[in-house]
Amino acid sequence: MHLQVLLFATYADAFGATEIVLDLPDGATVGELVTAVRARAPHAALPPHPLVAVNHAYASSGSVLSTGDEVALIPPVAGG
Amino acid sequence: MHLQVLLFATYADAFGATEIVLDLPDGATVGELVTAVRARAPHAALPPHPLVAVNHAYASSGSVLSTGDEVALIPPVAGG
Amino acid sequence: MMRAAIVSRPLDAALLLAEVAGDAHGATTLFVGTVRNTNGGRAVSGIEYSAYDSMATVELQRILDEAASRFTDVSIVVEHRVGTLRLQEASVIIATAHAHRAPALDAQRYVVEELKKRVPVWKREHYTDGTREWVGATS
Amino acid sequence: MMRAAIVSRPLDAALLLAEVAGDAHGATTLFVGTVRNTNGGRAVSGIEYSAYDSMATVELQRILDEAASRFTDVSIVVEHRVGTLRLQEASVIIATAHAHRAPALDAQRYVVEELKKRVPVWKREHYTDGTREWVGATS
C-alpha cells in the first residue's frame, strides 16, 4: 500500500521535504514504517523510535497501518 | 494603659461598635486583653482564642502590649 | 514589579496584566475572583467586602515578599477590592509573570492561598430574598 | 464552555477571559505564554511557531475532554498561535473558570502541562545575530 508520511520542523529540514510517500506491504506496522523511512534517508536525524501519529492520534510501534491512514512523524514538541 | 481595640465584621456586629477602649495594667499580654474584652461583653460571639493583630501583624497570646499599640480582633478572614 | 493594594474601585484585568508584562517574561498568569450567583444553595445578588485596610495592605505585601524569596525574579501585582460588588464583578485579581511557567504558576497559587488564609478581608453576602449574612468560610 | 483552536492571528486575553466568564463562576484564571528576549543566554528577536494544525486542534480538544472529566463543570478556552511572533507577543492563552478556585487553578495547570508535552507545535527561535534554531526543549 502507498502511504503518505507528513514531516515537520527538524524532520522536514532533515529530509528536505514536508511529505514523503512510501510503498509498504499490507498490514505493515508503525515500527516497520519507521524502519522504511530511516532506510530511505540513513543519514537524516530521525531517531530509532520517533513519535508517530496515525489519523491525528499518537500510535505505538505495533499499530497496524491501513491504506489512507494519515501518518505523521512528530519531532519533540515545543509549543506554549 | 489605655488601649483602643478595633473590631470588624461579625465582631463589630456582636459588640455594636467598631472600636472599644480598655484600661489594662502595663505589661498586659494579648491573652489578657482578650479576657478583658470577653468579660466586657460576656454574651458576645467572641471565641476564647480569636486572632489578634498588633500593629498590623498577627500576635500570639503571650505578646506583651504597650501604650499606643494598634490592636485589632480579627474574625475568620474571607477575602478573595 | 511587586505591588499590592486594597482599592474601592472596579478592578481591571488588562491593566494588571500589562503591569507585570516585560520582555524577559515567558509566562504570565492571572487569577480573578468574582462574585458568583449561589452559595450553599442560596441565590446571591451581591457581596459586600470590607477590610482592615491598613493591615490588609501590609499583609499582602508580606505575602509578596515571601513569594519573591521563594520564586526569584517573579513579578506580582495584586489588588483586592472592597465595597458592594454585583454578580460577576471581580473582588480580587492577582497577576504574576516570570521567565518560566513553573514559578509564574507556583507564585499565583501561593499568593491566592495565603491571601485566603491571612489577609483581613471579610464578606457579607446579599441574597435575592433581601437577607444578608457574613461568610465565614472561604470558597 | 470548552473550545480549543490553533490560530494565525494575534491572541486577545480579554476576549478569552470574557468567553469563559459566567455568573456561576467564582474563579477565573489566565495563562499567557509570551516570547521572551533570551534563551540559553542568546538574545532572541522573535519566534516562529508552526504546528501540525489538524492534529494539534484534536489533541488540544482531547486535553480539554480530560480536564472536563477531572474537573467537573470547568470552562476552558485555549488558543495557540502559529506564525512569526515578536518579543512579548502571546503564543498561547489558556482561560479557565469554575465555581471554586481549586478546580479552576488545577485545570489551568493540567492544560498547560499537557499542552507542552503532547500538542504538535514547534518553535524556531530567531536571534538578534540573524541566526535561527529549532528549540527542542520546552521552557
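Only a predicted model underlies this, so the values are computations on that prediction, with no experimental measurement involved. Naming convention: chains lettered A, B, ... in sequence-line order (proteins, then strands); numbering from 1 in each chain.
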Measure [X] against the heavy atoms of chain A and call it side chain, backbone, both or neither at under 4.5 Å.
X: D/V119; answer: backbone
X: D/S54; answer: both
X: D/V121; answer: both
X: D/R62; answer: side chain

Could you give the side-chain donor-acceptor pairs of residues 67-77 of chain D under 3.5 Å, partners two or more places apart or in another chain?
| unit_1 | atom_1 | unit_2 | atom_2 | d |
| --- | --- | --- | --- | --- |
| D/S69 | OG | D/E66 | O | 3.1 |

Kindly write out the residues that satisfy ring pair (Phe, Tyr, Trp, His ring centres under 6.0 Å) with D/H80, not counting sequence neighbours, or none if the list is empty.
->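 Once residues adjacent in sequence are excluded, the partners of D/H80 under the ring pair (Phe, Tyr, Trp, His ring centres under 6.0 Å) criterion are D/Y49.
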Could you walk me through whether D/E79 and D/R9 pass side-chain contact (heavy atoms from CB on, under 4.5 Å), step by step?
-> CA-CA 10 Å; D/E79 289 188 346; D/R9 50 162 173 73; 2.9 Å; yes
Worked verdict on D/H126 versus D/E48 for side-chain contact (heavy atoms from CB on, under 4.5 Å) = CA-CA 7 Å; D/H126 296 194; D/E48 184 187 334; 2.8 Å; yes
Carboxylate-amine/guanidinium proximity below 4.0 Å for D/E125 and D/R132 |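 The answer is no: the pair does not qualify as a salt bridge.
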From D/T38 OG1 over to D/R36 CZ, what is the distance, rounded to the nearest 0.5 angstrom?
-> 5.5 Å
Go through the steps for D/V44 and D/N37 under the test side-chain contact (heavy atoms from CB on, under 4.5 Å), then give the verdict.
-> CA-CA 5 Å; D/V44 173; D/N37 59 6; 5.6 Å; no
Taking non-hydrogen atoms and a cut-off under 4.5 angstrom, which of residues 50-60 of chain A neighbour chain D?
-> A/A53, A/H56, A/A57, A/Y58
Exercise answer: donor-acceptor pairs, residues 4-28 of chain A side-chain atoms, under 3.5 Å, sequence neighbours excluded:
| unit_1 | atom_1 | unit_2 | atom_2 | d |
| --- | --- | --- | --- | --- |
| A/Q4 | NE2 | A/E19 | OE2 | 2.7 |
| A/D13 | OD2 | D/W134 | NE1 | 2.7 |

